[in-house]
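Okay, structure first, notes after.
All values derive from a computational prediction rather than experimental measurement. Index from 1, following the sequence.
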Amino acid sequence: MEIVALYINEFNGVIDSFINVNSSFTCSYNEKLLRITSSVNRSSYYDKIPSTLLIGQNGCGKTTILTFIEDFYYDNENSGFIVWYDDESIIVTCKGISPSQITSDIKYSCIHTNAQDFSNLHIYTIKSNNTVDFNSYLFGKRKSTARNFIDISLNSIGKRNANKKNEVDKILKYIKQKKPLPDTLANRELSISAKLTFGTGDTSKKILKNLNFKEKYEEELSVFFTSQINNYRGNYIISPVHPEFQISLDYPFVNRSHLNSYIKSKKEKWGVSFYPFIFSKLPHKNNRLNIHEVNFYSILSVLYSFTRKLKVDRNTSDLLFLKLIVVAYFSSQTNLISRIEFFMKDSFPRAMDDNNLIMEMINLDKNIDKISQIAYCCFKYSKKTTSEGNTVNYFIDESNTVPELIEMSNQLPKELDSIFNVEWDGLSSGEVSLLHILSSISYAIESVKLKNGTKSILLLLDEIDLYLHPEWQRTILSTLLNLIKSINNNVKVQIIMSSHSPIIASDFLSVDIVSLLRSTKKKINTGTLEEVGYGESIDKMMSQGFFLKSTVGDRVLTTIDFLIKNRDNKKILEENEYITSLIKNKMLLHVLGIKND
């Protein structure tokens with residue numbers, strides 16, 4: 001099925017507006033009489049993918065039209081109807097209002113629909129809105145409940161790290177499949193910044209700033225630290241080959257030199273002062289962490305999450321976390337869980353029979369294993385490492401490694417989402433925007449194709465030109481058509497897009513460009529660009545189709561107008577000699593009576 005036309009009776013401040021969006025039909029709606037006549041099918045120009053472009057000044061109704069179509073997937077009080085073509089017949093889906101009479105040269109049916117009935121037509125809509133405004137945020141709250149509707153807008157990604165990671169993963173898979181891309185991106189080696197953020201240093205500092213907590217537990221923490229370090233002193237092994245080796249073989253998280261400097265300092269508040277001391281190793285510009293330190297700080301984030309899930313009061317949870325820092329520091333990767341389990345049995349002998357605690361211990365083991373794998377993977381495949389604050393950045397080129405990292409991180413619980421994140425290294429907002437649009441369309445169409453009963457896909461692209469360089473605007477239509485052809489064999493796809501770009505408009509047949517003009521009576525008036533002609537230059541498209549008063553900037557126009565009016569005033573011309581020396585237009589030079597080399 002494909003959209004032929006639509007009528008907005010009342011929606012988002014627009015009333016009584018009929019818009020024809022398919023040049024294969026001639027439609028009109030007047031006095032509640034809907035006339036439909038089939039015309040020449042021009043979709044072969046678009047590789048049999050019907051395509052329409054909406055243009056017009058800001059506020060003319062481009063986004064309103066696309067949102068009105070989307071609104072049919074929801075039950076509300078907005079009213080109007082949409083005219084569809086389904087192979088050999090016309091279907092008019094009505095909401096709140098319907099035509100009193102329909103005349104058509106092919107058979108038709110008219111149905112009143114709610115959101116459920118409309119979804120049963122098996123029309124899947126994929127929408128991308130590059131703009132972010134207050135209305136889109138309000139409307140976006142309903143999208144998660146709509147059937148047969150997929151929102152791929154940039155603002156639908158959300159702020160959660162998991163969403164951002166999945167976005168990167170989707171784009172990487174798209175690139176790996178060698179699907180259509182502009183040459184500048186297809187031939188470019190993309191790099192990813194994998195970030196590990198360690199927030200537990202600030203957490204421990206915040207806990208110890210609580211004077212009541214510190215006064216109550218300072219002695220207990222000191223005694224506990226003493227017992228742990230005494231146990232360490234009696235067990236660590238010094239390498240006979242390299243006695244100066246700084247990492248103990250049995251205690252990979254212990255930097256002996258670092259620890260000895262703390263012991264020798266004989267700091268006051270012994271034990272409590274260990275926490276700011278151990279977190280002083282957190283990354284900064286002149287301090288690079290080794291793999292054991294990265295792993296240690298990653299594990300602490302998991303331990304903090306673990307203590308927060310226990311059914312204990314806040315002070316007890318904080319105390320447990322501080323003690324577990326010490327337990328982890330004097331442990332190895334192989335005995336860490338067993339030491340934590342021993343510590344928990346010693347601290348809460350009765351609680352170890354609690355099913356909740358048993359499950360949390362099992363999850364703790366799994367989460368530590370996952371975060372350790374992520375840390376080792378980042379460290380292994382990084383071509384460059386930088387540090388800033390509590391974050392270590394690993395720059396990775398391996399296209400297979402990043403999806404593996406993302407898959408591992410997605411297995412972590414939501415509360416650990418902030419530990420690991422990925423970002424593009426060196427991509428501009430325009431490049432990210434284009435990669436997002438193409439990969440999201442590809443993923444959405446592939447997903448829809450797998451669903452039984454799919455009849456058609458409607459692709460709504462609002463402000464497609466945003467963030468795109470003029471050369472990418474020039475090729476975006478061809479790129480989209482090639483993409484759809486590469487992934488679709490049996491499902492009909494229709495494109496309706498809006499744009500302010502005359503470059504994009506120049507790639508459409510003039511009959512498939514709907515020119516919109518907002519009237520003072522809340523109506524949307526329409527026209528076409530048939531007078532411009534196919535293959536017309538972009539400057540003519542700008543002047544005749546995009547409502548421009550001039551094809552040069554206002555500042556230039558004002559200055560040139562001033563010079564022309566004063567071309568006989570030698571003083572003014574002399575004062576503007578530098579500006580006139582830059583003029584290359586021969587006609588303008590002749591009018592001004594100026595000769596430039």
Within the 4.5 Å heavy-atom criterion, are Ile123 and Asn148 side-chain neighbours or not?
no
Establish, yes or no, whether the cationic atom of Lys165 lies under 6.0 Å from the six-membered ring centre of Phe420 and within 45° of the ring axis.
no
List in chain and number order the residues that pass salt bridge (charged side-chain N to carboxylate O under 4.0 Å, His left out) with Asp105, two or more places apart in sequence or in another chain; answer none if no residue qualifies.
none
Side-chain contact, heavy-atom cut-off 4.5 Å: Asn78 with Glu10?
no
Hey, mind stepping through Glu463 and Asn129 against side-chain hydrogen bond (donor to acceptor under 3.5 Å, both in side chains) and telling me if it holds?
CA-CA 7 Å; Glu463 306 287 12; Asn129 184 352; over 6 Å; no
Before you tell me yes or no, could you show the steps for Ser191 and Asp397 under side-chain hydrogen bond (donor to acceptor under 3.5 Å, both in side chains), namely the whole-Å CA-CA distance, both residues' side-chain angles and the distance that decides it to 0.1 Å?
CA-CA 5 Å; Ser191 179; Asp397 286 337; 3.2 Å; yes
Donor-acceptor contact present, side-chain Asn576 to main-chain Ile572, <3.5 Å
yes
With a 3.5 Å cut-off and no angle check, do the side chains of Tyr45 and Asp512 form a donor-acceptor pair?
no
Any chance the side chains of Lys170 and Ser440 put a donor and an acceptor closer than 3.5 Å?
yes
Would you say the side-chain atoms of Ser43 pair up with the backbone N or O of Pro50, donor to acceptor, closer than 3.5 Å?
no
Under the side-chain hydrogen bond (donor to acceptor under 3.5 Å, both in side chains) definition, can you give me all pairs with a residue in residues 564-573, not counting sequence neighbours?
Asp561-Lys565
Between the side chains of Ser442 and Lys179, is a donor N or O closer than 3.5 angstrom to an acceptor N or O?
yes
Output yes when a side-chain donor or acceptor of Ser499 lies under 3.5 Å from a complementary backbone atom of Met497, and no otherwise.
no
So, do Ile36 and Val83 sit near enough that their side-chain heavy atoms are less than 4.5 Å apart?
yes
Could you give the distance from CZ (Phe18) to CG (Asn525), rounded to the nearest 0.5 Å?
13.5 Å
Where the side chain of Lys62 meets the backbone of Gly56, is there a donor-acceptor pair that is under 3.5 Å apart?
yes
What's the verdict on side-chain hydrogen bond (donor to acceptor under 3.5 Å, both in side chains) for Thr391 and Thr197, showing C-alpha distance, side-chain angles and the deciding distance?
CA-CA 4 Å; Thr391 301; Thr197 301; 3.1 Å; yes
Distance (rounded to the nearest 0.5 Å) between Ile171 CD1 and Ile192 CD1
8.5 Å
Please examine the side chains of Leu459 and Leu461, heavy atoms only from C-beta on, and report whether any two atoms are closer than 4.5 Å.
yes
Give me the one residue out of Asp465, Leu434, Leu481 that meets side-chain contact (heavy atoms from CB on, under 4.5 Å) with Ile476.
Leu434
Heavy atoms of Glu88 and Lys107 approach each other most closely as O-CG, 3.9 Å
Side-chain donor or acceptor of Ser515 paired with backbone N/O of Thr526 under 3.5 Å:
no
Does Asn22 reach the main-chain N or O of Ser24 with its side chain, forming a donor-acceptor pair under 3.5 Å?
yes
Rounded to the nearest 0.5 Å, what's the gap from CG on Leu190 to CG on Leu172? Could you check?
7.5 Å
Here the pair of heavy atoms bringing Tyr7 nearest to Phe68 is O-CZ, 3.4 Å
Derivation and outcome, side-chain hydrogen bond (donor to acceptor under 3.5 Å, both in side chains), residues Ser153 and Asp151
CA-CA 6 Å; Ser153 303; Asp151 185 10; 2.7 Å; yes
Derivation of the side-chain contact (heavy atoms from CB on, under 4.5 Å) call for Lys195 and Glu423:
CA-CA 8 Å; Lys195 298 175 179 289; Glu423 293 179 0; 3.2 Å; yes
Classify the side-chain pair Asp16/Asn9 by whether it contains a donor and acceptor separated by less than 3.5 Å.
no
Passes side-chain contact (heavy atoms from CB on, under 4.5 Å), Thr52 versus Phe508? Steps please.
CA-CA 8 Å; Thr52 303; Phe508 280 77; 5.7 Å; no
Side chain to side chain, Asn393 and Phe395, heavy atoms closer than 4.5 Å
yes
Does the side chain of Leu435 reach to within under 4.5 Å of the side chain of Leu181, using non-hydrogen atoms?
yes
State, yes or no, whether a side-chain contact exists between Asp507 and Arg474 at a heavy-atom distance under 4.5 Å.
no
Residue pair Ser104 / Ile90: nearest heavy atoms and the distance that separates them
OG-CG1, 4.2 Å
Is a donor on one side and an acceptor on the other found under 3.5 Å between the side chain of Gln473 and the backbone of Leu468?
yes
Work out which heavy atom in Glu431 is nearest to a heavy atom in Gly426; give both atom names and the distance.
OE1-O, 4.1 Å
Least distance between heavy atoms, Ile406 atom then Asn166 atom
CG2-OD1, 4.0 Å
Is there a donor-acceptor contact under 3.5 Å linking the side chains of Trp424 and Ser193?
no
If you count every heavy atom of other residues, nucleotides or ligands that lies below 6.0 Å from Arg42 atom CZ, does the total exceed 12?
yes
Determine whether the aromatic ring centres of Tyr29 and Phe81 lie less than 6.0 Å apart.
yes
For Glu407, the side chain to side chain donor-acceptor pair (under 3.5 Å) test, sequence neighbours excluded, returns none
To the nearest 0.5 Å, what is the distance between NE2 on His500 and CG on Leu54?
11.0 Å
Which pair of non-hydrogen atoms, one from Cys94 and one from Ser98, has the smallest distance, and what is that distance?
SG-CB, 3.5 Å
Is the backbone of Ile15 close enough, under 3.5 Å, to the side chain of Ser17 for a donor and an acceptor to pair up by distance?
yes
Scan side-chain atoms only and decide if Ser498 and Asp462 contain a donor-acceptor pair under the 3.5 Å cut-off.
yes
When rounded to the nearest 0.5 Å, the distance separating CG of Leu438 from CG of Leu480 is 6.0 Å
Separation between CD1 of Ile484 and OG1 of Thr479, rounded to the nearest 0.5 Å:
11.0 Å
His436 (side chain) donor-acceptor with Val168 (main chain) under 3.5 angstrom
no
Would a distance-only check, ignoring hydrogens and angles, find a side-chain to backbone donor-acceptor pair under 3.5 Å from Ser456 to Met1?
yes
Student check: side-chain heavy atoms of Leu588 and Leu563 closer than 4.5 Å:
no
Would Val514 and Leu53 satisfy side-chain contact (heavy atoms from CB on, under 4.5 Å), going step by step from the backbone distance to the final call?
CA-CA 6 Å; Val514 181; Leu53 178 68; over 6 Å; no
For residues Tyr73 and Thr125, is any side-chain donor paired with an opposing acceptor at under 3.5 Å?
yes
